[in-house]
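Here's the structure, in C-alpha cells; my notes come after.
Reckoned from all heavy atoms, side chains included, excluding hydrogens, waters and symmetry mates.
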Amino acid sequence: IPNEYLAINEFIAEIIDIEKLNYDTKEITLRLIEPKKASFRPGQYIQFRVPNTSEFRAYSIASVPSEKDTIRLIVRLVPGGICSTYIHKSLNIGDQVSITGPFGEFYLHEDSTNDIICVAGGCGMAPFRSIIYHLLEIGSTRNITFYFGARSEKDLYYIDEFYKLSEMHSNFKFIMALSEPEDDKWVGEVGFIHQIVDKYIDNGKNKEAYLCGPPLMIDATINVLLSKGFKKENIYFDKFS
C-alpha cells in the first residue's frame with residue numbers, strides 16, 4: 001500500500017476561527033480532535049462533509065504540514081453550493097465537523113532542485129499558501145515566483161501577506177494581475193494571468209510549474225509554458241470549476 005494512502009483518515013475537528021477574506025471568500029481554521037494530528041503534502045486537499053448529510057466537497061489545504069493539529073481552508077461561496085453555503089451561512093466557531101484526507105496527486109515535489117513557478121486564479125490560492133509557506137519555513141533556496149490572477153480589486157485577498165513575504169525572502173517573488181480592474185488608479189499588471197506569465201518568463205530551463213485554478217486558465221498557462229520550453233513532465237496542475 002502506498003504510504004500516501006496510509007495517511008488518509010476521517011477526522012473530527014473543531015472550528016476555531018472564521019475570517020472573512022473578501023466579499024465571497026472565507027478562511028476556515030479547524031483544530032483536529034480525533035485523530036489529533038494529520039500528515040499531508042503541501043498542495044493536497046481534504047473532503048469536508050456537510051453535517052447530517054452525505055454531501056462532501058473537496059477543499060485544498062492552505063496550512064503548512066508543520067501545523068499537524070490544524071487544517072486551514074479557503075472557501076468561496078458558490079451560488080447554490082450546498083457545502084459552501086453551509087460554511088458561509090451556518091458554520092460557527094466551536095462547531096464540530098468531519099473531514100477526510102489528505103487526498104490528491106497535486107503536491108510539492110520536494111526532491112527537486114528546480115526553480116518553482118506557481119500560477120493561481122481565484123481560490124487556487126489555497127494550495128500555494130501551503131506550498132510557499134512550507135518552502136520558506138524549511139529554508140529552501142529554490143527560487144519561487146508566484147503569479148496570482150483575479151478579476152478585480154474586490155476579489156483580492158492575502159495580497160499584503162505575499163508582498164511582505166517577497167520583501168522578507170530574496171528567493172520569493174510575487175506577481176499579480178487583474179483582468180478587469182475597476183479603479184483607474186490601479187498600477188499593477190492588467191490582463192489574464194497566463195498573459196502575465198508569458199510576459200515575465202523567458203524560458204523553462206531548470207524550472208517546474210504548479211498551476212491551480214479554472215480549466216481555461218490552466219490550459220492557457222500550460223500552452224504558454226510549453227512554448228517557453230518547459231518539459232511537460234515538469235508541469236503539475238489541479239483544475240477546478
Contact list for residues 9-42, test ring-ring contact (aromatic ring centres under 6.0 Å, His included), sequence neighbours left out | none
Who else is in I138's hydrophobic cluster (ILVMFWY, side-chain heavy atoms under 4.5 Å, direct or via others)?
-> none
Using salt bridge (charged side-chain N to carboxylate O under 4.0 Å, His left out) as the criterion, list what pairs up with K199, not counting sequence neighbours.
-> E189
What are the two closest heavy atoms between F240 and G124, and how far apart are they?
-> CZ-N, 3.4 Å
When the side chains of residues 94-101 are checked against the rest of the protein, which donor-acceptor pairs come out under 3.5 Å, sequence neighbours left out?
{"from": "D95", "atom 1": "OD2", "to": "N92", "atom 2": "N", "distance (Å)": "2.9"}
{"from": "S98", "atom 1": "OG", "to": "E10", "atom 2": "OE2", "distance (Å)": "2.9"}

Atom NZ of K173 with >12 non-hydrogen neighbours under 6.0 angstrom = no
Report yes if the side chains of I131 and Y133 come closer than 4.5 Å at any heavy-atom pair, otherwise no.
-> no
Please write out which residues are connected to M168 in a hydrophobic cluster, directly or through intermediates, given that two of Ile, Leu, Val, Met, Phe, Trp, Tyr count as joined at side-chain heavy-atom separations below 4.5 angstrom.
-> none
Residues Q44, S60; criterion side chain to side chain donor-acceptor pair (under 3.5 Å); working and verdict | CA-CA 6 Å; Q44 290 189 301; S60 295; over 6 Å; no
For residues 25-35, which side-chain donor-acceptor pairs fall under 3.5 Å, sequence neighbours excluded?
{"from": "T25", "atom 1": "OG1", "to": "N22", "atom 2": "OD1", "distance (Å)": "3.1"}
{"from": "K26", "atom 1": "NZ", "to": "H88", "atom 2": "O", "distance (Å)": "3.1"}
{"from": "E27", "atom 1": "OE1", "to": "Y158", "atom 2": "OH", "distance (Å)": "2.2"}
{"from": "E27", "atom 1": "OE2", "to": "R72", "atom 2": "NH1", "distance (Å)": "3.2"}
{"from": "R31", "atom 1": "NH2", "to": "E14", "atom 2": "OE1", "distance (Å)": "2.5"}

Any residue meeting side chain to side chain contact (heavy atoms under 4.5 Å, CB included) with S39, in chain and number order, not counting sequence neighbours | K68
Side-chain donor/acceptor pairs under 3.5 Å, residues 206-227, sequence neighbours excluded:
{"from": "K207", "atom 1": "NZ", "to": "N203", "atom 2": "O", "distance (Å)": "3.1"}
{"from": "E208", "atom 1": "OE1", "to": "S112", "atom 2": "OG", "distance (Å)": "2.7"}
{"from": "E208", "atom 1": "OE1", "to": "N114", "atom 2": "ND2", "distance (Å)": "3.3"}
{"from": "E208", "atom 1": "OE2", "to": "R142", "atom 2": "NH2", "distance (Å)": "2.9"}
{"from": "E208", "atom 1": "OE2", "to": "Y210", "atom 2": "OH", "distance (Å)": "2.5"}
{"from": "Y210", "atom 1": "OH", "to": "H109", "atom 2": "N", "distance (Å)": "3.0"}
{"from": "D219", "atom 1": "OD1", "to": "K239", "atom 2": "NZ", "distance (Å)": "2.7"}
{"from": "T221", "atom 1": "OG1", "to": "M217", "atom 2": "O", "distance (Å)": "2.8"}
{"from": "N223", "atom 1": "ND2", "to": "D219", "atom 2": "O", "distance (Å)": "3.3"}
{"from": "S227", "atom 1": "OG", "to": "V224", "atom 2": "O", "distance (Å)": "2.6"}

Residues clustered with V78, ILVMFWY side-chain links under 4.5 angstrom = none
Apart from V187 itself, what residues make up its hydrophobic cluster, given side-chain heavy atom links below 4.5 Å?
-> none
Interatomic distance, S179 atom OG to D155 atom CG [nearest 0.5 angstrom] | 8.0 Å
What orientation do Y59 and F48 show, parallel under 30°, tilted 30 to 60°, or perpendicular over 60°?
-> perpendicular
E180: partners by side chain to side chain contact (heavy atoms under 4.5 Å, CB included), with sequence neighbours left out | R151
With a 4.5 Å limit on heavy-atom distance, are the side chains of P42 and P65 in contact?
-> yes
Supply the atom-to-atom distance L108 CG to I132 CD1, rounded to the nearest 0.5 angstrom.
-> 10.0 Å
Flag the pair D115 / I144 as yes when at least one side-chain heavy-atom distance between them is below 4.5 Å, and no otherwise.
-> no
Within a strict 4.5 Å, meaning less than it, do heavy atoms of the V119 and F237 side chains meet?
-> no
Y45 ring center within less than 6.0 Å of F103 ring center | yes
Tell me, do Y236 and Y107 make a side-chain contact under 4.5 Å, heavy atoms counted?
-> no
For R49 and T53, indicate whether the former's side chain and the latter's backbone hold a donor-acceptor pair under 3.5 Å.
-> yes
Any ring-ring contact (aromatic ring centres under 6.0 Å, His included) involving residues 163-183? Give me the pairs, sequence neighbours left out, ordered by first then second residue.
-> F146-F174, F162-F174, Y163-F174
